Structures are given as C-alpha cells and as structure tokens.
Amino acid sequence: MANYIRFLLMQDREVPDNAKHFFAEVNELYLKVLLDPFYKVNTRISSTVFRQRISQLLKKYFPN
C-alpha cells in the first residue's frame with residue numbers, strides 16, 4: 001500500500017531558500033513516525049514530541 005503525503009508551507013511572502021532544508025527535516029521527522037511500531041499508518045499524528053520538533057524547525061528556518 002502506497003502512502004502519499006504532502007507538506008505545505010503557506011505564507012504571504014516569497015519562500016526563502018532554506019525552505020528546502022526545512023522540508024527535508026520535516027520529512028525525516030515524518031519517516032521516524034512511520035517507523036514507530038506503535039503508529040498506525042494513515043491516522044492522525046498525535047505525538048506532542050512531533051509537534052514540538054516541527055515548531056522548533058519553524059523557528060529555526062522562519063524566525064520572523
């Protein structure tokens with residue numbers, strides 16, 4: 001079974017060059033979730049750690 005997911009970045013100004021790096025790290029975090037034996041595929045990610053790390057990445061790459 002194929003799992004297709006898209007990550008979107010919506011903002012009101014030009015996308016900075018570091019967006020590619022942001023999405024690479026988000027993808028890595030997502031893959032870690034998928035590899036977790038307790039995660040059920042195609043369900044909502046309810047991990048607070050996942051949300052915290054995404055927030056940290058947003059602050060790192062988009063500090064405004």
Side-chain angles (χ1 to χ4, degrees):
M1 172 173 66
N3 185 10
Y4 299 98
I5 184 124
R6 293 180 187 210
F7 297 105
L8 300 176
L9 174 65
M10 300 175 74
Q11 60 182 42
D12 58 356
R13 56 187 183 273
E14 187 176 330
V15 177
D17 295 333
N18 58 0
K20 182 177 180 179
H21 299 291
F22 169 76
F23 282 115
E25 290 195 46
V26 169
N27 187 56
E28 185 177 326
L29 287 175
Y30 180 67
L31 289 175
K32 287 180 182 179
V33 169
L34 289 180
L35 293 173
D36 182 347
F38 299 107
Y39 174 69
K40 188 174 180 181
V41 177
N42 295 328
T43 61
R44 185 173 185 259
I45 299 172
S46 59
S47 168
T48 55
V49 173
F50 180 80
R51 290 177 189 263
Q52 289 171 348
R53 291 191 179 157
I54 294 294
S55 293
Q56 289 170 349
L57 289 175
L58 283 168
K59 289 176 186 173
K60 176 182 174 181
Y61 288 106
F62 309 103
N64 296 341

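This structure is a prediction, so every number in the text was calculated from the model and none was measured.
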V49-F22 co-clustered via ILVMFWY side chain contacts under 4.5 Å = no
query = Any side-chain heavy atom of N27 within less than 4.5 Å of one from F23?
reply = no
key: Residue pairs fulfilling salt bridge (charged side-chain N to carboxylate O under 4.0 Å, His left out) with at least one residue in residues 26-35, sequence neighbours excluded   = E28-K32
request  = Could you tell me whether the side chain of F62 reaches within less than 4.5 Å of the side chain of L57, counting heavy atoms only?
outcome  = no
Pairs where residues 50-63 contributes a residue and the test side-chain hydrogen bond (donor to acceptor under 3.5 Å, both in side chains) is met, not counting sequence neighbours = E25-K60, E25-Y61
message = Under the rule for side chain to side chain contact (heavy atoms under 4.5 Å, CB included), what residues qualify as partners of L35, not counting sequence neighbours?
response = none
message = Checking T43 now: which residues fulfil side chain to side chain contact (heavy atoms under 4.5 Å, CB included) with it, not counting sequence neighbours?
response = Y39, K40
